[in-house]
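Heads up: the structure comes next, in structure tokens.
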There are 2 protein chains.
Amino acid sequence: MEHPLTRCARFEKASELMGKRWTGLILRILLAGPRRFGELTDEIGSISERVLSERLKELEAEGVVSRHVDAGPPIRVAYQLTEKGQALWKVVDELGRWAERWVDVKPASAARKRKSA
Amino acid sequence: MEHPLTRCARFEKASELMGKRWTGLILRILLAGPRRFGELTDEIGSISERVLSERLKELEAEGVVSRHVDAGPPIRVAYQLTEKGQALWKVVDELGRWAERWVDVKPASAARKRKSA
DNA sequence: GCAAGTTGCTTCCAAAAAGTAAGTAACTTG
DNA sequence: CAAGTTACTTACTTTTTGGAAGCAACTTGC
């Protein structure tokens, strides 16, 4: 057993994974169900295909997502979360809750926001 | 109210914040209590001072951490979480739980690891 | 049956972010 | 008053990301 608040290699590794640009967004989308490459680019909006491809490979290498090729005829590739990946739902969920409570989308004007939310 | 699984600007912003290298680690340390600049560098270990300084400024700008100068005589600067920052404990905590359950520190050999954990 | 899509990437190059090392300002200690 | 400590900053290199175009393997249109 490890102390929860001392340095922890596992946490560092997890943080390195989640602490990469776009990973949180990709995970959030995949938590809603499998997606194809093009769907991910569309839903994320501003990610470059180069980086999406890279991120998906990393996540696959970490065992967080799995890649499924459906040889069609219309060939399609779907990405979905593994069990390990699905287990991240709590992290994504808590981040979402925090965001709804604390993140203000429009930083200027009408920034008044108390506990009332 | 917003749908939890559609595109959400708040989540994107939160994800952009957490999705920067070192942010998770910094937050985890500060959740244990205030820290000085040098303590953070020591506890994180491999972060460069340049980037730590940058990250702290970003977090301060986002209202997640606050900077306190104690004009000493031995001048000291302490960083601590704001209420907004402390609210992130659940996210960090869930990531820590996930890491303990799913992240294997030594990737090669003895990698067998079932539900038993 | 072949030019014109579509999908899922990859490659190339420029821009942004992070790593490394040294420097600085304001003290404190010897 | 030279040397050390703390909290950064600056300059420079390496890595990562962005943007656009290219490409292979099909499918559709005519």
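Only a predicted model underlies this, so the values are computations on that prediction, with no experimental measurement involved. Hydrogens, waters and symmetry mates are skipped; everything else that's a heavy atom, side chains included, is used. Proteins get letters first, then strands, A, B, ... in listed order; numbering begins at 1 in each.
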* For A/Glu54, side chain to side chain donor-acceptor pair (under 3.5 Å) partners two or more places apart -> A/Arg50
* Partners meeting side-chain contact (heavy atoms from CB on, under 4.5 Å) with A/Gln86 (sequence neighbours left out) -> A/Leu81
* What is the distance from CZ of A/Arg67 to C1' of C/dT7, rounded to the nearest Å? -> 12 Å
* To do: Please state how far atom CZ in A/Arg35 lies from atom C1' in C/dG8, giving the value in whole angstrom units.
  => 17 Å
* Structure fact -> Those residues at least two apart in sequence (or on a different chain) that pass side chain to side chain donor-acceptor pair (under 3.5 Å) with B/Ser48 are none
* To do: List in chain and number order the residues that pass side-chain contact (heavy atoms from CB on, under 4.5 Å) with B/Glu16, two or more places apart in sequence or in another chain; answer none if no residue qualifies.
  => none
* Asked: Rounded to whole angstroms, how far apart are CZ on B/Phe37 and C1' on D/dT5?
  -> 14 Å
* To do: Could you check if a side-chain atom of A/Ser53 sits within less than 4.5 angstrom of a side-chain atom of A/Phe37, using non-hydrogen atoms only?
  => yes
* Test side chain to side chain donor-acceptor pair (under 3.5 Å) applied to A/Arg67 - qualifying residues, sequence neighbours left out -> A/Tyr79
* In whole angstrom, what separates B/Arg36's CZ from D/dT5's P? -> 13 Å
* **nucleotides 19-26 of chain C: protein proximity per nucleotide (B base, S sugar-phosphate only, - neither; heavy atom, under 4.0 Å)** => BB------
* Identify, with sequence neighbours excluded, every residue that meets side chain to side chain donor-acceptor pair (under 3.5 Å) alongside A/Thr41. => none
* **Close approaches to DNA chain C from residues 53-61 of chain B, in residue order (heavy atom, under 4.0 Å)** => B/Glu54, B/Arg55
* Report the distance from atom CG of A/Leu52 to atom P of D/dA20, rounded to the nearest whole Å. => 17 Å
* **Whole-Å distance separating the NZ atom of B/Lys20 from the P atom of D/dT17** => 12 Å
* To do: Check whether any side-chain N or O of A/Tyr79 sits under 4.0 Å from OP1 or OP2 of C/dT7, and answer yes or no.
  => no
* **Any residue meeting side-chain contact (heavy atoms from CB on, under 4.5 Å) with B/Thr23, in chain and number order, not counting sequence neighbours** => B/Met18, B/Lys20, B/Leu27, B/Arg55, B/Leu59
